[in-house]
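One structure is given here, and the rest of the page talks about it.
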Amino acid sequence: MSRTSDGGATVHDYTTSTTSTPGTGQDDHVYLSLADAAPGPEGEGRWAYGTGFADPLLGVDTALPPGLDGADLAAYCQMLGDDALVLAQRLIEWCTRAPELEEEVALANLGLDLLGQARLLLTRAGQADGTGRTEDDLAYWREEHEFRNVRLVEAPNGDFAYSIARLLLFATARGALYEALSAHPDPVLAAVAARGVKELAYHREYATAWTLRLGDGTPYSSGRMQAGVDAVWPLLEELFTAHPVELRAGVDPAALREPVLRSLGAVLAEAGLTVPDVPPLATVLGLAGRDGVHTEALGPLLAEFQVLARAHPGATW
Amino acid sequence: MVTGDVVTGPGPTGTAEPTGGTVATVGTGTADPTARELAWAVAAAVPDPELPMLTLADLGVLAEVGVDGGSGTVTAWLTPTYSGCPAVAEMAADVDRRLRAAGYPDVRVRLRLDPPWSTDLITAEGRRKLAEAGIAPPRPTAAVAAAGPVALTLGPTRTGTATASTTVAAPRTAAAPPVPCPRCGDADTEELSRFGSTACKALWRCRACREPFERVKEI
């Protein structure tokens with residue numbers, strides 16, 4: 001996810017006059033070489049080899065708050081980070097395929113927000129469990145069963161209406177969750193959530209506007225939108241089903257069910273659509289995405305997402 | 001532009017230096033506030049990579065600058081805009097490079113996530129520069145929030161096939177402030193797309209002068 005997976009050490013390869021001063025700080029070597037690489041005060045060359053600032057939590061206090069188990073916090077951050085990462089990948093798949101150019105830009109922007117949240121959450125996970133794994137380690141080098149995202153985000157994009165319906169469900173539920181997490185004892189998670197609330201509000205607004213346009217449009221568009229809502233609805237319940245880690249380290253998602261359903265119901269009613277009456281997607285012996293049990297859709301998504309990093313381990317550009 | 005107000009503005013000052021240093025003196029042996037002001041002036045002049053007409057101080061991204069008197073270490077805290085803002089690394093690198101070029105031997109750049117960045121942190125000077133560059137500045141977030149919950153207003157159709165059924169609107173408790181055209185000043189403007197060329201901008205057009213323009217959206 002970052003351009004230099006090794007913290008920018010390769011910047012040295014492109015400069016000859018750089019010497020870092022031992023003992024003056026961990027940051028110096030990267031920055032000095034960067035300064036030397038810039039031909040002028042605003043020269044284009046100053047970013048040509050990456051900036052070396054690969055850590056999305058650069059300098060943020062990484063201490064764990066007392067009373068919070070590091071492994072639990074890490075697992076929880078992975079759950080939320082995986083949700084954001086996988087949905088970001090699905091949204092980005094719309095590039096070159098959306099109905100209008102503006103929608104491609106919009107969907108890519110939403111994906112970028114989620115990718116940013118995923119970077120922070122996965123970085124935090126690697127800190128909290130003491131392994132020191134980076135965001136790249138977690139994103140590119142975990143297997144399918146190690147991903148903890150809900151199945152809602154991994155489902156294939158379907159048609160535009162399905163993607164919009166999925167986005168509406170996710171953004172409504174995640175906005176509510178982030179709002180609750182803004183008061184989380186872990187200051188990093190709380191800060192990610194506080195900023196995420198504002199971003200998810202835009203995501204929800206976007207999905208709402210399209211749900212209204214299609215649902216309250218022609219009979220044909222309304223039928224397509226209703227079909228999208230019907231198809232995605234069985235995946236909603238998993239968002240409200242608590243995993244033990246969520247109960248220990250985060251917010252009980254069951255508490256979100258009522259307000260989220262009320263909000264979704266209001267949007268669907270305004271759009272002239274009906275709330276589907278369908279059972280939730282079955283689990284496997286009670287296990288689902290939070291336990292690493294996924295649908296067949298996640299494997300191909302990860303294969304595409306991870307192939308470059310795995311084909312060229314440690315590559316930088 | 002660099003005043004005591006700016007230096008002591010968004011970031012807490014007068015508190016203990018997070019680096020644990022003593023009263024700051026840099027070079028001339030001046031007292032802490034002046035040393036910090038000097039370093040702030042350097043960092044504050046760094047242009048934003050995506051909105052180069054603004055400095056990081058104009059944008060409200062530069063939260064605080066501290067100078068450690070003992071070691072001479074300068075620490076700059078940045079508050080990133082959006083979670084996925086791809087320019088954070090460039091901002092950090094630029095601040096670092098400018099401070100080193102100004103003669104500070106030991107520079108640290110740190111991110112500060114709390115409180116989150118808001119468009120309310122864009123200074124009056126920043127808003128003026130945005131408008132001057134043809135980019136409509138953001139409205140105060142409080143005024144937009146007062147206009148009610150997420151509006152169920154549909155965007156305009158761009159394909160010229162608008163029908164009556166595309167204008168559903170939810171009731172608002174108050175009208176949101178208008179977005180005047182940065183070119184002609186007319187308030188008769190409309191949104192083309194909520195998402196523009198960067199995460200922080202939306203695409204609008206003026207119905208009076210017919211010019212499209214970008215707008216920094218409230219967050």
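Computed over heavy atoms, backbone and side chain alike; hydrogens, waters and symmetry mates excluded. What you are looking at is a predicted structure, and each value in this text was computed from that prediction instead of being measured.
- Between B/L113 and A/V60, the shortest heavy-atom distance links the atoms CG-CG2, 4.3 Å.
- Considering only heavy-atom pairs separated by less than 4.5 Å from chain A, the leading option among B/G196, B/P52, B/S197, B/C85 is B/G196.
- For chain B, the option among A/V192, A/L57, A/L120, A/V105 with the highest count of heavy-atom pairs below 4.5 Å is A/V105.
- When heavy atoms are compared at a cutoff of 4.5 Å, B/S71 does not approach chain A at all.
- Closest approach of A/P56 to B/L111, counting heavy atoms only: O-CD1, 3.3 Å.
- Looking at A/Y206, only its side chain comes within 4.5 Å of chain B, counting heavy atoms on both sides.
- How far OG of B/S193 is from CD of A/E104: 11.5 Å, rounded to the nearest 0.5 Å.
- Annotation: the span from B/F195 atom CZ to A/L112 atom CG amounts to 11.0 Å, rounded to 0.5 Å.
- B/S118 and A/K198 make their closest contact through CB-NZ, 3.5 Å (heavy atoms, listed as atom of the first residue, atom of the second, distance).
- Interatomic distance, OG1 of B/T79 versus CZ of A/R195, reported as 8.5 Å (0.5 Å rounding).
- Residue B/P80 touches chain A through both its backbone and its side chain, counting heavy-atom pairs closer than 4.5 Å.
- When all heavy atoms are compared, the tightest approach of B/R194 to A/Y202 is CD-CE2, 3.7 Å.
- To the nearest 0.5 angstrom, A/D61 atom CG is 11.0 Å from B/R110 atom CZ.
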